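The structure appears right after this line, and notes come after that.
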Amino acid sequence: MSQATPSQTVGPFFGYALPYGDGPRVVPEWHPDAIRIHGRVLDGEGEPLPDALLEIWQAGPDGEVPTSVGGLRRDGHDFAGFGRSATDAAGHYWFSTLKPGGPVPHIAVIVFARGLLKSVATRIYFPGEPGNAEDPVLSGVPADRRDTLVAVREDDRSYRFDVHLRGEQETVFFAA
């Protein structure tokens, strides 16, 4: 039986059509170098959004963005460079991926959520990276807001990155 799709500004379709089972697995979780990026998407009141969608695009550990044909296909062992994760009832999302390489490792993030006329773009930086201080994007953000772009390291293979769409802890977003 068909159900009505949720009423959302971005569209009532993405919650049902865009997420797919392997979307969060940029690499399989069993990969020896896999890391977990996870967090929640929160509104201006700090309430979780249960129907947001995040996409990530990133370079591999060698600093190169995958461009080969089929790079977006999940074959169970290769690095795709792209992932898509819907939030659950608690606003939680996750990705299994590889830490990007390059002088300033970061991951590009697109967030789709209700109340947004257009998706918003941000970046996830990794804590303690020597290149962070010289990165023109990160250093262009006011110092008191830079932490909204840096993931919190939980252990060797897990980083937390919450997305605050509004409010005092609002994540810095960039023009897409």
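Please read these numbers as outputs of a predicted model, since none were measured by experiment.
- Side-chain contact check for Leu165 versus Leu49: some heavy-atom pair is nearer than 4.5 Å.
- The main-chain N or O of Glu134 is never found under 3.5 Å from a side-chain atom of Ser139 such that the two would form a donor-acceptor pair.
- Contact of the Phe126 side chain with the Arg153 side chain is not registered, since no non-hydrogen atoms from C-beta on lie closer than 4.5 Å.
- In this structure the side chain of Pro50 reaches within 4.5 angstrom of the side chain of Arg114, judged on heavy atoms.
- Counting heavy atoms from C-beta on, the side chains of Glu55 and Phe95 never come closer than 4.5 Å.
- Remark: the backbone N or O of Val152 is not paired with any side-chain donor or acceptor of Arg160 at under 3.5 angstrom.
- Between the NE2 atom of His106 and the CD atom of Glu129 there is a distance of 12.0 Å, given to the nearest 0.5 Å.
- Put simply, NZ on Lys99 and CD1 on Ile107 are 10.0 Å apart, with the number rounded to the nearest 0.5 Å.
- Leu116 and Ile56 fall within the same hydrophobic cluster, defined by Ile, Leu, Val, Met, Phe, Trp and Tyr side-chain heavy atoms under 4.5 Å apart, directly or through other members.
- Here the side chain of Asn132 pairs no donor or acceptor atom with the backbone of Pro127 at under 3.5 angstrom.
- You'll find the side chain of Phe112 stays beyond 4.5 Å of the side chain of Arg84, heavy atoms only.
- A chain of hydrophobic side-chain contacts below 4.5 Å, direct or via other Ile, Leu, Val, Met, Phe, Trp or Tyr residues, connects Ile35 to Phe161.
- In this structure, the side chains of Phe174 and Val141 come closer than 4.5 Å at one or more pairs of heavy atoms.
- A distance-only check finds no donor-acceptor pair linking the side chain of Thr122 to the backbone of Val109 [under 3.5 Å].
- Without hydrogens or angle criteria, Asp162 side chain to Gly39 main chain gives no donor-acceptor distance under 3.5 Å.
- Between the side chain of Glu170 and the backbone N or O of Arg145, no donor-acceptor pair lies under 3.5 Å.
- Using a 4.5 Å heavy-atom threshold, the side chains of Val137 and Tyr125 count as touching.
- Nearest heavy-atom pair, Ile110 versus Ala121, reported as atom, atom and distance to 0.1 Å: CD1-CB, 3.7 Å.
- Considering every non-hydrogen atom in both Pro66 and Gln58, the closest pair reads CD-O, 3.7 Å.
- Distance alone, capped at 3.5 Å, places no donor-acceptor pair between the Thr87 side chain and the Tyr93 backbone.
- Following chains of ILVMFWY side-chain contacts shorter than 4.5 Å, one cannot reach Leu42 starting from Leu54, and the two form parts of different hydrophobic clusters.
- Ring geometry for His38 versus His92: interplanar angle of 30 to 60°, hence tilted.
- The number of heavy atoms from other shown groups lying within 6.0 Å of CD (Gln169) does not exceed 12.
- Nearest approach of Arg157 to Ala34, heavy atoms of both residues: NH1-O, 3.0 Å.
- We find the NE2-CZ distance between His31 and Phe79 to be 9.5 Å, quoted to the nearest 0.5 Å.
- Between the side chain of Asp155 and the backbone N or O of Ser158 there is at least one donor-acceptor pair closer than 3.5 Å.
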- Message: The test is side chain to side chain contact (heavy atoms under 4.5 Å, CB included); show your working for Phe173 and Val163 and say whether it passes.
- Response: CA-CA 10 Å; Phe173 298 106; Val163 176; 4.0 Å; yes
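- In this structure a side-chain-to-backbone donor-acceptor pair under 3.5 Å is present from Ser96 to Val27.
- Using a 4.5 Å heavy-atom threshold, the side chains of Leu98 and Val26 count as separate.
- Remark: the backbone N or O of Leu138 is paired with a side-chain donor or acceptor of Arg146 at under 3.5 angstrom.
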